[in-house]
Structures are given as C-alpha cells and as structure tokens.
Amino acid sequence: PEAVAEHALALLMTVGRKTHKAYNRVRENNFSLEGLIGINIYKQTVAVIGTGAIGSTFCKIKMGMGCKVLAYDHYENEHLKNVGVIYVKLAELIAQCSIISLHCPLTAETKHLINKESLSEMQEGVAIINTSRGALIDTKAIIKSLKKKQVGYLGIDVYEQEEDLFFQDLSAEILQEEDIARLMNFPTVLITDHQAFLTKEALHQIAFITLTNLDELESGKALTNEIQFK
C-alpha cells in the first residue's frame, strides 16, 4: 500500500510543481523560471475515492501535509474518521476538492467514474491522480477537459488501453494509440507506466506472501490469505 500511495504523491508533487519540466530544461542549460509556477499542497482540500489499504495510506500522507481530506467509500474506515478524514457523498466530494486521487477497484459501477458529467462538476483547475485502474477515467472526456483547462493537472500510472502499451519498449515504433499520444502533448499531464508498485520493499513483500501462501497450501495449514467465493 505504501509504495502505491507514495507514487500517487510523487505524481501529484511532480506535475503540480513541474519538476519534470525543470529537469529537462536544466539539462539543456535553460535556467529560466518562465512557465514553472506550481501549486502548494498545504491546506488544499483533497478527495480520496476508495479508502482500502492504499487509499487509507494516501489519506494519512495528505493529513500529514496539512491538507483537509474528504473521502468516499461504501465502507467507511473508523480509524480514518478518528484522525480527521471526513466521509461525504461522491457528488459533494467532487465539487469541493481541488485534488482528487483515485484508489478504488474497477467495477461496473466505477467504470468511467471520471466522465463528462463528473468533470463538469469539478473545480476549475482541479488536479486528478490515478494509480488504480485506467478505465476509472473516460479518456476522451478528460482530454476535452484538459483542453478547456477545467482539469489543471493530470497524473496517471494507469491508462484505459494500457494492455497494448505498458511493459513494452516501443521507442523505435510509431505510437498507434492516439488518445495517449494526445495526453502526452499536454504540458500539465504526467504519465508513468504502471510502476507504482515497483519498489524493493513491495517486491520483497509480494514474493514473501506468495511463497508463504504456497508453503501453507503444501503443508495443509489453514490459509492465511484464503479468498472464499460466495
């Protein structure tokens, strides 16, 4: 959870402070500050949609940065409520927050959660971060909102059509996926290739849990992480 939540923060901080732009400029000996005005995170009202393990971790990070955190989930986390996270209805959350971070699973209900209608209800210049599932965002709708500057910043580690792109080296090919090519042309968009989980600590934990599961299964022990289908 920490790896993904911290990557969400990295996306927000990078696109919000334009450090990726500054990095490229300085490498070309361009030390101008023109066009590098960013945004503060401190005292912003942040929306967290989905407060499972990752969303909860992200809430705590933002609380620690001095933000007001509003959350939406079918199942409210009492610990988060006790430390100051406020659960509200989805429509209220979308309208009130200047930063929205997505941490919910992809279901029939959440597909295109960010769409033409919900985007129109958001604050002008809103920052949207998605480290969850690409299809939570209607790509064509968000492209239109970026063009109108309704969405001020977009940081995504997932993409609606990523199965034909991510985890491949396409640097010598012509990109056929037009929507992601359009997204990459926006100076206010930052895209990473589904790497939010990719830390030494997280990979160690994935391997440890997998091997523990196999060991329990082979030895006939009760399965710690058994999933039961109803």
Subject >> side chain to side chain contact (heavy atoms under 4.5 Å, CB included) between Leu154 and Leu146, worked out >> reply: CA-CA 8 Å; Leu154 176 66; Leu146 284 161; 4.1 Å; yes
Atom [atom1] in [X], atom [atom2] in [Y]: separation rounded to 0.5 Å?
X      : Y      : atom1 : atom2 : result
Ile61  : Glu2   : CD1   : CD    : 8.0 Å
Asp164 : Tyr159 : CG    : OH    : 10.0 Å
Asp138 : His112 : CG    : NE2   : 4.5 Å
Thr45  : Lys68  : OG1   : NZ    : 5.5 Å
Ile143 : Ile137 : CD1   : CD1   : 11.0 Å
Glu162 : Glu177 : CD    : CD    : 11.5 Å

Subject >> side-chain hydrogen bond (donor to acceptor under 3.5 Å, both in side chains) against Gln150, all qualifying residues, sequence neighbours excluded >> reply: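 So Gln150 forms no side-chain hydrogen bond (donor to acceptor under 3.5 Å, both in side chains) with any residue.
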With distance as the sole criterion, is a donor-acceptor pair present between the side chains of [X] and [Y] under 3.5 Å?
X      : Y      : value
Glu109 : His74  : yes
Ser98  : Gln123 : no
Ser171 : Asp169 : yes
Gln96  : Glu92  : yes

Expected output: side-chain [X] to main-chain [Y] donor-acceptor under 3.5 Å:
X      : Y      : result
Asp73  : Thr51  : yes
Asp215 : Glu218 : no
Thr57  : Pro1   : no
Thr110 : Leu113 : no
Thr199 : Ala202 : yes
Lys18  : Gly35  : yes
Asn115 : Glu117 : yes
Asp157 : His194 : yes
Asn30  : Val26  : no
Tyr87  : Asn77  : yes

When you compare the side chain of [Y] with that of [X], does any pair of heavy atoms fall below 4.5 Å?
X      : Y      : value
Ile209 : Asn225 : yes
His103 : Ile49  : no
Val151 : Leu119 : yes

Original post:
Can you hop from Tyr153 to Leu11 via hydrophobic side chains spaced under 4.5 Å?
Top reply: yes
Subject >> Partners meeting side chain to side chain contact (heavy atoms under 4.5 Å, CB included) with Thr14 (sequence neighbours left out) >> reply: Thr19, His20, Leu190
**OP:** For Phe167, look at atom CZ and say whether over 12 heavy atoms of other residues, nucleotides or ligands are found less than 6.0 Å away.
**Re:**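 For Phe167, atom CZ is crowded (more than 12 foreign heavy atoms under 6.0 Å).
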**OP:** Determine, for Glu124 against Lys149, whether the closest basic-nitrogen to carboxylate-oxygen distance falls under 4.0 angstrom.
**Re:** no
